[in-house]
2 protein chains.
Amino acid sequence: MTISRIAILDDDPAIREHLTEIVTSCPEYDLAGSAPTIARARDLVVRKQPDLVLVDVGLPDGSGVDFIGFVKQQSRARVLMITSFGDRETVVSALEAGADGYLLKDSSPAVILDGIAATLAGGAPISPSAASYLLERLQGDVPQRAQPDNPDAAPLTAREVELLQLFARGMSYKEAARALDISPLTVGNHVKSIYRKLAVHSRGEAVFAAVRQGQLKMG
Amino acid sequence: MTISRIAILDDDPAIREHLTEIVTSCPEYDLAGSAPTIARARDLVVRKQPDLVLVDVGLPDGSGVDFIGFVKQQSRARVLMITSFGDRETVVSALEAGADGYLLKDSSPAVILDGIAATLAGGAPISPSAASYLLERLQGDVPQRAQPDNPDAAPLTAREVELLQLFARGMSYKEAARALDISPLTVGNHVKSIYRKLAVHSRGEAVFAAVRQGQLKMG
DNA sequence: AACGACTTGCCATGTTTATGGCATGACCGG
DNA sequence: CCGGTCATGCCATAAACATGGCAAGTCGTT
């Protein structure tokens with residue numbers, strides 16, 4: 001594993017130093033540079049092409065959020081927000097802009113190091129209080145259809161899902177049977193199971209129910 | 001601050017014990033109970049009304065994901081997933097179903113304790129590798145697979161969509177006809193139009209195609 | 001070894017679909 | 001006013017489907 005090169009964007013000298021220490025204390029990270037302003041950070045990113053940029057939000061010459069887009073456009077660097085701004089607006093807009101993680105500044109050095117490692121590994125470290133805004137979105141979009149719970153609960157078997165896919169693509173019993181190399185009569189039996197599990201009585205209803213429950217994906 | 005009461009749902013006795021130790025080692029948490037199956041966990045949640053439930057995904061009698069809805073419906077407990085299932089599908093569906101956090105089982109006891117505290121405090125602890133799936137959604141801006149566009153492009157009429165909805169809910173021609181107060185024979189004519197427009201030959205295929213094209217919504 | 005599940009196979013019967021063609025009235029844009 | 005689309009209606013038929021019951025072999029779990 002090669003050494004990862006990290007850049008820092010924060011206007012507070014004390015915090016820059018703090019982050020610098022955290023980064024350089026780790027043998028597998030080098031500091032590619034640190035900048036107090038977005039303007040200088042642009043330079044840094046373009047010239048040094050770091051692997052990861054730690055970004056604050058409140059900068060003298062603008063918001064760190066606006067800087068994210070630049071980074072993503074000009075390099076392949078990952079972006080980890082480390083800031084004290086924990087409001088919904090900032091969190092969501094930063095992540096929408098392409099940030100790969102969002103840590104609050106009260107995070108311990110250990111958490112920050114973990115976060116850096118996770119980001120470089122393709123993960124997305126997000127402080128719990130920030131993540132809750134994400135969930136609001138996700139859950140808000142989907143108004144919670146809680147199923148009335150079939151008594152005969154419904155995990156379809158692989159075979160059954162396979163059949164539903166064929167039906168969704170328009171196959172008849174006979175065609176599906178040929179596709180799976182089984183008897184059309186067996187297809188009928190699988191269909192019985194599917195109908196029982198989904199509590200339905202036709203292929204149209206079954207396909208719909210399966211899609212709704214996420215047991216049948218579209219491609 | 002009163003003591004928080006926590007319940008555990010996990011089929012592995014060793015893990016139950018592990019989590020029990022973590023929870024009870026902390027003076028501000030009590031163990032409200034632990035269950036190896038969804039069935040027993042339902043009981044637990046209803047009777048003890050814990051403040052937080054730690055839930056695994058792979059249970060003998062179903063997926064922990066399906067259990068989330070029950071918890072949310074029957075109590076005000078928060079739900080923290082602690083599982084080794086880190087795949088996109090599971091993560092997203094769990095969080096959509098209402099989970100308040102998602103930690104992978106390789107998390108250290110300290111991380112789990114932090115996660116429990118954060119969840120009870122209204123936060124949403126999410127392991128970085130799981131959170132990356134959330135960001136995909138947010139940043140992906142819904143990539144919207146572009147359709148190859150049928151030559152006989154297909155805006156279904158209101159009537160046709162109406163019919164498809166009834167089919168998706170399992171109605172036969174006759175039933176749909178009664179529901180719409182038209183002749184079953186007319187239903188057949190609408191079906192012909194639908195099939196032509198969607199280029200399909202069965203209700204199953206039609207429902208699937210319509211859902212995929214966003215012309216048929218689920219509810 | 002026994003139990004449950006998934007998968008496979010068959011029979012039989014009544015119902016429903018899929019698809020062709022043909023026709024009327026309403027309505028809208030050119 | 002004419003052409004097109006929409007919604008409505010009817011006839012007919014071969015094919016496919018929905019559903020019941022029955023059974024054997026392979027699993028993994030108990």
Side-chain angles (χ1 to χ4, degrees), chain A residues 150-210 215, chain B residues 11-14 36-40 58-63 66 150-210 215:
Chain A
N150 268 340
D152 212 342
L156 297 178
T157 69
R159 201 54 154 178
E160 289 160 356
V161 170
E162 217 169 347
L163 261 175
L164 271 183
Q165 281 169 340
L166 298 182
F167 289 152
R169 288 166 57 199
M171 289 200 185
S172 67
Y173 283 24
K174 228 186 288 180
E175 293 170 320
R178 229 178 312 133
L180 297 182
D181 195 31
I182 58 180
S183 155
L185 297 157
T186 299
V187 171
N189 275 324
H190 287 307
V191 168
K192 290 178 200 172
S193 299
I194 293 172
Y195 286 2
R196 184 172 34 75
K197 289 183 179 176
L198 296 177
V200 301
H201 308 277
S202 73
R203 284 172 307 160
E205 199 181 359
V207 166
F208 188 68
Q215 306 205 46
Chain B
D11 61 335
D12 184 333
T37 65
I38 291 180
R40 304 234 330 242
L59 286 316
D61 56 344
S63 165
D66 303 322
N150 266 340
D152 209 342
L156 298 177
T157 69
R159 202 54 155 177
E160 288 160 357
V161 171
E162 217 169 347
L163 261 175
L164 271 182
Q165 281 169 339
L166 298 182
F167 289 152
R169 289 166 55 199
M171 290 199 187
S172 66
Y173 284 23
K174 230 186 288 181
E175 293 170 320
R178 228 179 312 134
L180 297 182
D181 196 32
I182 58 179
S183 156
L185 296 157
T186 299
V187 171
N189 277 324
H190 287 308
V191 169
K192 289 178 200 172
S193 299
I194 294 172
Y195 285 2
R196 183 173 33 75
K197 289 183 180 177
L198 294 177
V200 301
H201 309 277
S202 73
R203 285 174 309 161
E205 199 181 358
V207 165
F208 189 69
Q215 306 205 47

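What you see below is based on every heavy atom in this structure, not just the backbone, and it leaves out hydrogens, waters and symmetry mates. Note on naming: letters A, B, ... go to the chains in the order of the sequence lines (proteins, then strands), and numbering restarts at 1 for each one.
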Interatomic distance where NE2 belongs to B:His201 and C1' belongs to C:dT16 [whole Å]: 19 Å

Describe the nucleic acid contact of B:Leu185 in one word from base, sugar-phosphate, nothing, applying a heavy-atom distance below 4.0 Å. base

With a 6.0 Å cut-off (strictly less than), is the heavy-atom count around CZ of B:Arg159, excluding the residue itself, greater than 12? yes

So does A:Thr186 get a side-chain nitrogen or oxygen closer than 4.0 Å to the phosphate oxygens (OP1/OP2) of C:dG9? yes

Would one find a side-chain N or O of A:Thr157 under 4.0 angstrom from OP1 or OP2 of C:dT7? yes

Of all heavy-atom pairs between A:Ala177 and A:Ser183, which one has the smallest distance, and what is that distance? CB-C, 3.8 Å

Please determine whether a side-chain nitrogen or oxygen atom of B:Arg159 lies at a distance below 4.0 Å from atom OP1 or OP2 of D:dT8. yes

By nearest-heavy-atom nucleotide on DNA chain C, the more 5' of B:Arg203 and A:Ser183 is A:Ser183

In whole angstrom, give the distance that lies between atom CG of B:Leu164 and atom P of C:dT17. 13 Å

Short side-chain N/O contact from B:Tyr173 to OP1 or OP2 of C:dT15, under 4.0 Å: no

note: A:Asn189, atom CG; C:dG9, atom C1'; distance rounded to Å ~ 8 Å

In whole angstroms, the gap separating P of D:dC10 from CD1 of B:Ile182 amounts to 11 Å

With a 4.0 Å cutoff (strictly under), does any side-chain N or O of A:Tyr195 reach OP1 or OP2 of D:dA18? yes

Does a side-chain N or O from A:His190 land closer than 4.0 Å to OP1 or OP2 of C:dC6, or not? no

For B:Asp11 and D:dT30, what is the distance between atoms CG and P respectively, to the nearest whole Å? 11 Å

Please state how far atom CG in A:Leu163 lies from atom C1' in D:dC17, giving the value in whole angstrom units. 14 Å

Are the side chains of B:Tyr173 and B:Leu185 in contact, using a 4.5 Å heavy-atom criterion? no

Between D:dT8 (P) and B:Leu180 (CG): distance, integer Å: 8 Å

Have a look at B:Glu160 and tell me which of B:Gln215, B:Lys197, B:Gln165, B:His190 forms a side-chain hydrogen bond (donor to acceptor under 3.5 Å, both in side chains) with it. B:Lys197

Comparing nearest nucleotides in DNA chain D, the 5'-proximal residue of the pair B:Ala158, A:Ser202 is B:Ala158

Return the value, rounded to whole Å, for the distance between atom CG of A:Leu156 and atom P of C:dT7. 10 Å

Kindly say if A:Lys192 contacts the phosphate of D:dG20, meaning a side-chain N or O under 4.0 Å from OP1 or OP2. no

Does the side chain of A:Glu175 come within less than 4.5 Å of A:Leu166's, by heavy atoms? no

